[in-house]
Amino acid sequence: MTEKTAAEKTVAETATGKKTAGKKAAGKKTAAAGKAVTKKAVTAKTATKKAVASAVAKKSVAKKAGTKKAVAAKRSVAREAPPAGPLEVALSPALDADDRERLLHGTHHQPHAVLGAHPAPGGIVFRAFRPYARSVAVVTGDLRAELHDDGDGFFSGLLPLREVPAYRLVVAYEDTVQETEDPYRFLPTLGDLDLHLIGEGRHEELWTVLGAHPLTHQDVAGTRFCVWAPNARAVRLAGAFNFWDGIGYPMRSLGSSGVWELFVPGIGEGELYKFDITRPDGSRTQRADPMARRTETPPATSSVVEASHYEWGDEEWLARRGERPAHEAPLSIYEVHLPSWRPGLTYRQLAEQLPAYVRELGFTHVELMPIAEHPFGGSWGYQVTGFYAPTARLGTPDDFRFLVDALHRAGIGVLMDWVPAHFPRDDWALAEFDGRTLYEHEDPLRAAHPDWGTLEFDYGRREVRNFLVANAVYWCEEFHIDGLRVDAVASMLYLDYSREPGQWTPNEHGGRENLDAVAFLQEMNATVYRRVPGVVTIAEESTAWDGVTRATHHRGPSGFGGLGFGLKWNMGWMHDSLEYMSHEPVYRRYHHGEMTFSMVYAYSENYVLPISHDEVVHGKKSLVSKMPGDWWQQRANLRAYLAYMWAHPGKQLLFMGQEFAQGAEWSEEHGPDWWLLDPAYGAEADHRGVRELVGDLNSVYRSTPALWERDTSADGFAWVVGDAADDNVLAFLRRDADGTPLLAVSHFSPVVRHDYRLGVPDDIPAWYEVLNTDAGRYGGSDVFHPDPVKPEPQPWHGHPASVRLTLPPLSTVWLRPA
């Protein structure tokens, strides 16, 4: 047996031998020489004296500071293939005291540089930081090596290997032993391009790189955790898998991007986690993941590792949804607060009922009040903490996908309220996320929202803008959402919104416009329309801002490019028309202009006419309860108003419960009063009649292009009579692209008017009544026109011919060419 062979045998046989270690005193560490290395003598229980002597002789040669031949002899042993069986390893270079302290106190920004496996003089040094462990061993192939306990949860050892192998750790705790991968042996999971795009604020698929993602990395299954926290001194990962103690899971900083990353093997879907952040001042905070795609059910606040496995079935819907732009298509919207529409139902249970109900009513779309995760149900979703997670109150993200898919397969589009204007101050969410202002503006006057006690986003920071723009794209691409109704746009656009003089600072031009918010909204709209054809964005904007629905590259009189929205809520029409309807008919003549003024600006934007949740809560009464008169008159007023609304230029939105004349205000605690439609209820027919009218309004609307095809063109509308204030009458023509008209006549007085003359075109031989809100089946007095109405050659109201109609009380009548 050669000396080399004997030495190899000795190393292999130490696995079965009794461990005896003799430590050499470590030499003094210097900057030039590096760290002193102490070696453990190798002994074997069953080895022959010759083998032991040979091995010791070999090591003694290598230890001498002698010739190159001695050094080469040592390396030839160290770099042979790993021997089989347990191995007694040499003590590794001592961990730098500063590294040790920073790991213990959660301030280390590069744990991978010192933990894991690294080449060192004499082989590969292995270091593990496993607090509370009794022992840690390295296993690679058939080799098993116990690491030395360095105290405070640190374990280390030097193995005589040529290069870093694929290895696992065997960690023994007081009552269990775990064999696991070492998170600190893996390369970063993010590439330079991703980090560059994040740093530039241009990563349009941000959700694919930040957050928690189950994946296979270097042939090992696990989860990648990434978070943007540029002000943090360090970030650690805490979760149910480590008993919410992140001390042993420090994350690494990926340079100037501000991103922290850690790949954790063996962690998969359903795991709970948070980020344990060490602030600049050294204090610590545990935060939910801003990019979490799933959360715990409130009031619990942890993030949940999530991956979608849903297989969509709405290809046909997606293929045709962009055939017409939204402003030239039929669009009638049923607004829904999902948690209270049918309280207690999950997303999948809602999918069994909501599509059928909406389809029966004939609405083209539903608009969901915010479904992104929010801690307080009473906010209705408008104070969001989980911008990338559908609320867990109703199920999983894939359950929500199932609901959207079911609506699409029923032919119903899905719009979603989106809230990029502000976020709550909860200390586990976004507020001062990494110890300093980050998502909110650094100027306190710009950060605090004066109305809602929340914080406003810093739209001037590119990473924050990226977070929001990517979020808009995320809902459209990942959940097949057909449009976003953007909440509280006015509060974003104006620096002085709800602020008194001295509480705001003008922009660089001395104006009150928030230039950062303008740029953000333009970028968001341009990105969404470019990436997701067929979607629509809708602005809840309550002022006369110029160009909300103008293209971003077209400048208006104010000098600003358009904001780029597809549609805008017409808040002026809503306020004026409801004000008019609230008056007793005898006084309406003095408020007639409130019903006609909307046509002065009807084509300044692409409008939606909203009767939303905001109008039926907080003492404003339900829609039918706003109407004057007795119960019969209230319902008649409501029916006439709805038909006037459906005929007016613009799209329609109606909040749930108003379609069947619910008398009580909406409450998120119990939702609509469905019992009003119970046949056992005495007044059920009154409520069902209004619901039947809504269904007929939608049916006639969808089949009549004159009511939607030219909503945004003055050519699609013509007054017949707009000044009949004393009669409480409004009459106008709507025309489609071919010029085919529909005549709409609203009579807001509780009397019957016989032979009421109205001017009409002379090229229509006869008109027939296609809808009458006074029909008996709706609960009306059944004054109607059973036969076609023929024009007379008598000019009237500026038209060459005229018709004589009997106007029912408190009604709206639609007539088409016969």
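Because the structure is a prediction, the values reported are computed rather than measured. Values reported hereafter were calculated over all heavy atoms of this structure, with side chains retained and with hydrogens, waters and symmetry mates removed.
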Tell me whether the rings of [X] and [Y] are parallel (<30°), tilted (30 to 60°) or perpendicular (>60°).
{"X": "Tyr601", "Y": "Tyr607", "answer": "perpendicular"}
{"X": "Trp380", "Y": "His613", "answer": "perpendicular"}
{"X": "Phe732", "Y": "Phe717", "answer": "tilted"}
{"X": "Tyr580", "Y": "Phe748", "answer": "perpendicular"}
{"X": "Tyr641", "Y": "Tyr644", "answer": "tilted"}

Short side-chain donor-acceptor distance under 3.5 Å, [Y] and [X]:
{"X": "Asn698", "Y": "Trp646", "result": "yes"}
{"X": "Ser802", "Y": "His797", "result": "no"}
{"X": "Tyr756", "Y": "Asp727", "result": "yes"}
{"X": "Tyr334", "Y": "Glu659", "result": "yes"}
{"X": "Thr704", "Y": "Arg816", "result": "yes"}
{"X": "Trp814", "Y": "Tyr701", "result": "no"}
{"X": "Asp417", "Y": "Tyr382", "result": "yes"}
{"X": "Glu540", "Y": "Ser542", "result": "no"}
{"X": "Asp487", "Y": "Trp418", "result": "no"}
{"X": "Gln634", "Y": "Asn637", "result": "no"}
{"X": "Trp317", "Y": "Asp482", "result": "yes"}

Exercise for the section: Could you walk me through whether Asp723 and His592 pass side-chain contact (heavy atoms from CB on, under 4.5 Å), step by step? Expected result: CA-CA 8 Å; Asp723 58 357; His592 196 74; 5.6 Å; no

Residue [X] excluded, over 12 heavy atoms near [atom1] under 6.0 Å:
{"X": "Trp632", "atom1": "CH2", "answer": "yes"}
{"X": "Tyr768", "atom1": "OH", "answer": "yes"}
{"X": "Tyr590", "atom1": "OH", "answer": "no"}
{"X": "Phe597", "atom1": "CZ", "answer": "no"}
{"X": "Lys790", "atom1": "NZ", "answer": "no"}
{"X": "Gln353", "atom1": "CD", "answer": "yes"}

Charged N to carboxylate O under 4.0 angstrom, [X] versus [Y]?
{"X": "Glu709", "Y": "Arg735", "answer": "no"}
{"X": "Glu684", "Y": "Arg688", "answer": "yes"}
{"X": "Glu360", "Y": "Arg691", "answer": "yes"}
{"X": "Glu792", "Y": "Arg757", "answer": "yes"}
{"X": "Arg635", "Y": "Asp630", "answer": "no"}

Exercise for the section: Please identify each residue that fulfils side chain to side chain donor-acceptor pair (under 3.5 Å) with Arg531, with sequence neighbours left out. Expected result: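 In terms of side chain to side chain donor-acceptor pair (under 3.5 Å), with neighbours along the sequence ignored, Arg531 is linked to Glu204, Glu205, Glu477.
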
Exercise for the section: Might you work through the side-chain contact (heavy atoms from CB on, under 4.5 Å) test for Leu771 and Glu769, ending with a clear yes or no? Expected result: CA-CA 6 Å; Leu771 185 137; Glu769 193 173 277; over 6 Å; no

With a 4.5 Å heavy-atom cut-off, do [X] and [Y] have their side chains touching?
{"X": "Leu493", "Y": "Val518", "answer": "yes"}
{"X": "Glu335", "Y": "Met656", "answer": "no"}
{"X": "Lys620", "Y": "Lys626", "answer": "yes"}

Heavy-atom pair of closest approach, residues [X] and [Y]:
{"X": "Thr812", "Y": "Ser746", "result": "OG1-OG, 2.8 Å"}
{"X": "Val489", "Y": "Ala539", "result": "CG2-CB, 4.0 Å"}
{"X": "Gly483", "Y": "Ile481", "result": "O-CG2, 3.2 Å"}
{"X": "Ser749", "Y": "Pro585", "result": "CA-CB, 4.3 Å"}
{"X": "Tyr778", "Y": "Arg639", "result": "O-NH1, 3.3 Å"}
{"X": "Leu331", "Y": "Lys651", "result": "O-CB, 3.3 Å"}

Practice task
Carefully, step by step, assess Arg401 and Asp405 under the rule salt bridge (Lys or Arg N to Asp or Glu O under 4.0 Å).
Solution key: CA-CA 6 Å; Arg401 289 180 173 90; Asp405 202 0; over 6 Å; no

Exercise for the section: In sequence, state the C-alpha distance, the side-chain angles, and the governing distance for Asp715 and Arg710, and then conclude on salt bridge (Lys or Arg N to Asp or Glu O under 4.0 Å). Expected result: CA-CA 7 Å; Asp715 295 337; Arg710 302 172 84 179; 3.6 Å; yes

Atom [atom1] of [X] and atom [atom2] of [Y]: how far apart are they, to the nearest 0.5 Å?
{"X": "Leu578", "Y": "Lys621", "atom1": "CG", "atom2": "NZ", "answer": "12.5 Å"}
{"X": "Met369", "Y": "Phe655", "atom1": "CE", "atom2": "CZ", "answer": "5.5 Å"}
{"X": "Asp696", "Y": "Thr773", "atom1": "CG", "atom2": "OG1", "answer": "11.5 Å"}
{"X": "Leu693", "Y": "Leu642", "atom1": "CG", "atom2": "CG", "answer": "6.5 Å"}
{"X": "Glu367", "Y": "Met416", "atom1": "CD", "atom2": "CE", "answer": "10.0 Å"}
{"X": "Arg777", "Y": "Asn772", "atom1": "CZ", "atom2": "CG", "answer": "10.5 Å"}

Exercise for the section: Mind jotting down which residue pairs meet the ring-ring contact (aromatic ring centres under 6.0 Å, His included) criterion with at least one end in residues 534-570? Sequence neighbours excluded, please. Expected result: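 Non-adjacent pairs meeting ring-ring contact (aromatic ring centres under 6.0 Å, His included): Tyr494-Trp545, Trp545-Phe560.
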
Practice task
Kindly say whether the aromatic ring centers of His785 and Trp767 come within a distance under 6.0 Å.
Solution key: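 That pair fails the under 6.0 Å test.
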
Exercise for the section: Please find out if less than 6.0 Å separates the ring center of Trp674 from that of Tyr357. Expected result: yes

Exercise for the section: Could you go through the side chain to side chain donor-acceptor pair (under 3.5 Å) check for Thr596 and Trp719 one step at a time? Expected result: CA-CA 10 Å; Thr596 60; Trp719 280 114; over 6 Å; no

Practice task
Evaluate the criterion salt bridge (Lys or Arg N to Asp or Glu O under 4.0 Å) for residue pair Asp711 and Arg734; output intermediate values, then yes/no.
Solution key: CA-CA 9 Å; Asp711 268 334; Arg734 298 294 311 278; 2.8 Å; yes

Handout entry: Audit row: Thr549, Glu605, side chain to side chain donor-acceptor pair (under 3.5 Å) steps and yes/no
Key = CA-CA 6 Å; Thr549 59; Glu605 302 280 4; 2.4 Å; yes

Exercise for the section: Take Val720 and His799 through the test side-chain contact (heavy atoms from CB on, under 4.5 Å) and record every step on the way to the result. Expected result: CA-CA 8 Å; Val720 170; His799 291 274; 4.3 Å; yes

